[in-house]
Every structure is written in C-alpha cells, then in structure tokens.
There are 2 protein chains.
Amino acid sequence: MGSHGWRTTARTELRVSRGFHLDDLDASATPGYDGDKKSGAKDLALRAERLSDLQERLYAESRAGVARNAVLLVLQGMDTAGKGGIVRHVLGSVDPQGVQLQSFGAPSAEELAHDFLWRIERRLPKHGFIGVFDRSHYEDVLVGRVRELASPEEIERRYGAINDFEARAAASGIRIVKVMLHLSRDEQRERLQERLDRPDKHWKYNPGDIDDRELWQEYREAYDIVFERTSTDIAPWHVVPADRKWYARLAVQELLIAALEDIDPQWPAASFDVEEEKRRLAES
Amino acid sequence: MGSHGWRTTARTELRVSRGFHLDDLDASATPGYDGDKKSGAKDLALRAERLSDLQERLYAESRAGVARNAVLLVLQGMDTAGKGGIVRHVLGSVDPQGVQLQSFGAPSAEELAHDFLWRIERRLPKHGFIGVFDRSHYEDVLVGRVRELASPEEIERRYGAINDFEARAAASGIRIVKVMLHLSRDEQRERLQERLDRPDKHWKYNPGDIDDRELWQEYREAYDIVFERTSTDIAPWHVVPADRKWYARLAVQELLIAALEDIDPQWPAASFDVEEEKRRLAES
C-alpha cells in the first residue's frame, strides 16, 4: 500500500479506536506518511489520477444504469479546519459532473419542522456519485449538545438515530467516509488572524467563530462522545490531523480512494452491438 | 485585451452576427487567438487564476448577502462537441462550492406535464453563483424541431418565450453566456470512433448519437434559426469552433471572465468591527 509516501494505509492509521480522545492526538502530526509538504504535493497530484479514474468508472456505471453504490464523504471540524480546501483540492481533481456537494448551515424553518435527519436523507448521493457533506447531521449532536439546542434526552436519542440512519444508507450501497479535521487551538488562532488581517478574507470570518472557539473544550468533549457512540464498523470515524493542510488533503484523498477501491467499479459492458455501431458510423 | 495569445476579445470575435450560418465557419479555426495548442494550455492555466479570483469575489458577495448577480453558462452542441470537457477543464479551476451544474436530458413525465421552461427556471443559478447548463431549454427548439416533437406553431411560440424568459432572468441579475460548440462532421466521426474502439469509452456512446448524426444538416439549420431568433443584445449567442478542444476551452474561459468582469464583484466590506474582533481573538 505504501506505493508513495504512505507506509500504512490512511484508513488503518486514522480510524478512531475505542477510548480515543482528541486531546491525545497531535494536530500537526502526519500519521502513516513519510514525507514532507513537497512530497505531499507531488503525491496528491499523482494519486489524483487514481481517484479520478475510480470516480469515472463509478460515474460510468451510473450512466449505464448499473451503479449500485455511492460514496459519501462527511466532513466535520471546527471553523478554519479546512473543509473547503478539501473540497477544492481533493474533489477538484475529479469530474464535477459526478460530485454532489452539500453544505449544511443552520437549519431553515422548514427543516426545523422535521426530524433532524430529514434534510440529510434527501441530500444523500445517488448511486454512481460521490456526495460530500460540508458539515452534516453531526452538527445536531455537536453544536446541538454544546449550546443545548435540544434536551439531553433528545441529544441522547440522536446517536442511535444516526447509527440506524447510516446503517440504512450503507445497506442501500453508500460507502460512508466520516472525517473529522483535527485542528489545534493555536493553528485556529493563526487562521482566524489571517482572515481578520486580510480584507479579501473578511467574508470568511464570522464573529460566531470566536464564540465557538471559547467553547473549545466543550466541542472536544462533544466530538469524543460522537466517536464513542457513532464510530461503527459500517461507518467508522477517521480523525485527520489538520494543522498541515497538505497532509489533511492527502489523507482524505487516500480515504476516498480506499472507499472506491472497496466498491471496485468497472467499466460497464456496452449495451449495444459494437460492431454494428461501427458499421453504422462508417456509413453515416 | 490581448494580454496573452488573444488579439481581440473572444466575446467580440465569436458573437454571432446577423445572417450568420454555421456552414460558413470552419470548426477547426481559432478565431482571435494567435497561438497553438501548447500556448493555449499555458494561457488556460494562467487565466484560470483570473477566473478563479473573480468567481471567489462573486461567491464572497453571496456569503455576505450582497450578491446581486449570477452567471449562467449555457452549453449547446452536437454529441462529442466537448461540453463535459468544458465543465471539467474550465469550471474545474474555480471553487466547486460556487458552481451549480445542471444537465438536462430528456424531460421526465413530471417535467413534460409543465411548460418547457418550468424545469429550466427552477435550476437558474442563485445570486453569487456560476450556473452551467449542459444542454438547456434550447433542446426544445433543436431536437424538438428536428424530430417534430411539437407542432410547428408550438416551436414557433417557444423562440419568443425563450427571449422573454431570458430577459427576465437577465433583469434579475443573471448574465447569460450562450455557447454553441461548433464541431465538424469529420471530427465527430473520429470522436465517436474512439468511443467505439475503447471499452473504457463505451459508456459514453449512445446509438442515438448516430441517429442525430444522420440529421446533421437538419440540426445545422435548426441552430441557424436559434441564432437568428434568440441572439439578443441581452443574451447573445457565441459560436465556438470546437474541433480543437484546447481552443474551445480557452474561448469559453474568456467568455466567462468577460461576463464576470462586467459584474465586477468586490470583496464585501466586513459586517463586523474588525478591531474589536482582533481583540476578541487575542483574548480567546
């Protein structure tokens, strides 16, 4: 598996184990990868071809009506953790036609009138597609818990509801890749500082980011509980150290490649008579 | 304007003029551009930065709630003309979060139960976004006309309806960039041949492509009528020679840049007190 700088698979290396706590993992580490920023950029470009090839096969299956699988990348993390950069630099290498990108902000009035999973379910990727959730149903047990937006009983109920929901999605053919981008408090300060220092970055800044930052430890605990309660065999969590953007991108790319390799999509067989069509083309 | 290989603007060069006929334009030409495939690839990469910067400003406006404009790229052309390649290689350089990609196939039963513009209207890009239509409402006066899917009176009605619809969309702030990818019959044969020769391309082949190919001249005429009836000052048509993929991509990139420069999106002013937030960050 260590065809490039990887000495183990990102999947093995980054999957949360029982009793895992975010505080125990260095956010600037590069687990499983022997290399630096420079080799990381090179590997990212190299492996983009593999990812792109696999994605095209998956998409081809959908066009041929034989796709039975999809991939769903769930991206979570504190503000500035780099979710947008993952979308741009990892998913940017595959055909946009095969990607369904969904961002989840604060729920609308209509969404609040339904169960918290209602808006999630309707945005699941179709067979043949890679879906990306920029934030997700996990916000309902993260900000929901930290800011007490729901009762403790309701928060409690949600972990089980999430597991049931994900099991059902998996049974329908969706490979779920859950990623928490793990940022250090110091690195977040630097990134927020940059957004405040540069007028062309002001639009990315939200005073609410500081409110969340002040609840740093509470969010850490809420994440630890999420891992404990919802990291299942069918949809395990991966924690990706994110202080080094290049590493986080490389790691998520590997996680996606692994999910697609599990699916092992194949170029669909022609649904027409190839020789007959060659004859028609020659005559046309 | 000719900062790179362009000696005029793509917009001026490619806009259809009164009395234009597709048959009069060489599909392998590279109008307005002094350069070859190699310089074209270089210019595409260079100008991708300009496009990306403009797109990010537009998207930033939407996030700040001050966007009043969007861009809509309408892509038309015969099979294999390269619509997918435009999406991938031109739009691929901008942040996927700011792009709304819509493909229009044969209408569903639900869509057929509405006016032909119903499904189009609901997929118009929101302010702050670049929308891309891979095929569009123009199919309803192209395949609709050639295959007589509607009565002559109905087809006739549609040109006016399209102009009214586009005028309304433009008034709502959408800059409409209409592009017909102009392919030669010989080049199409080669591209279809490749799809038949390569098993990994079979999924892109559809026997219906030959049916349409056999109606080549009828489609040409239907396009000529589209240009005559629907190339308006507010939403003019551009015909982009597409036998050379590198040129078509470069030209569409320039058309998008020009539309965004018309909008001239600006980094939004901070909606918060920057100094106060710096203080909060330092203390957090």
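Nothing here was measured: the structure is a model prediction, and the numbers come from that model. Numbers restart at 1 for each chain; the letters A, B, ... are given by sequence-line order, proteins then strands.
Chain B forms the most heavy-atom pairs under 4.5 Å with one residue out of E275(A), R63(A), R213(A), E276(A), and that residue is R213(A). Your options are R189(B), R185(B), Q188(B), E214(B), and the one with the most heavy-atom pairs under 4.5 Å with chain A is R189(B). Heavy-atom pairs under 4.5 Å with chain A were tallied for L91(B), V87(B), L101(B), D200(B); the largest tally goes to D200(B).
Here K278(B) pairs with D197(A) in a salt bridge; the nearest charged N to carboxylate O distance falls below 4.0 Å.
A282(A) touches chain B through its backbone: at least one of N, CA, C or O sits under 4.5 Å from a heavy atom, while the side chain does not. Neither the backbone nor the side chain of A64(A) comes within less than 4.5 Å of any heavy atom of chain B. For L196(A), the parts lying near chain B are the backbone and the side chain together; criterion is any non-hydrogen pair under 4.5 Å. At a 4.5 Å heavy-atom cutoff, R57(A) makes no contact with chain B through either its backbone or its side chain. Using a 4.5 Å cut-off between heavy atoms, V132(A) does not touch chain B at all. There is no contact between D209(A) and chain B, counting heavy-atom distances below 4.5 Å. Proximity to chain A (any heavy atom under 4.5 Å) is shown, for D273(B), by neither the backbone nor the side chain. Q193(A) touches chain B through backbone and side chain together, each having a heavy atom under 4.5 Å away.
The nearest pair of heavy atoms linking S103(A) to Q97(B) is OG-OE1, 4.3 Å. R88(A) approaches S93(B) most closely through the heavy-atom pair NH2-O, 3.1 Å.
Side-chain contact between P199(A) and W267(B) is absent, with no heavy-atom pair separated by less than 4.5 Å. Side chains of P207(B) and E277(A) form a contact here, defined as non-hydrogen atoms less than 4.5 Å apart.
Atom-to-atom distance recorded for L281(B):CG and Y205(A):OH is 6.0 Å, nearest 0.5 angstrom. Note that CH2 of W203(A) and CD of E61(B) are 11.0 Å apart. Values are rounded to the nearest 0.5 Å.
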Next on the checklist: Could you go through D211(A) and R280(B), starting from their C-alpha distance and side-chain angles, then the distance that decides it, and tell me whether this counts as side-chain contact (heavy atoms from CB on, under 4.5 Å)?
Outcome noted: CA-CA 9 Å; D211(A) 303 337; R280(B) 287 183 70 211; 2.5 Å; yes
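In the displayed structure, K201(B) atom NZ is contacted under 6.0 Å by more than 12 heavy atoms of other residues, nucleotides or ligands.
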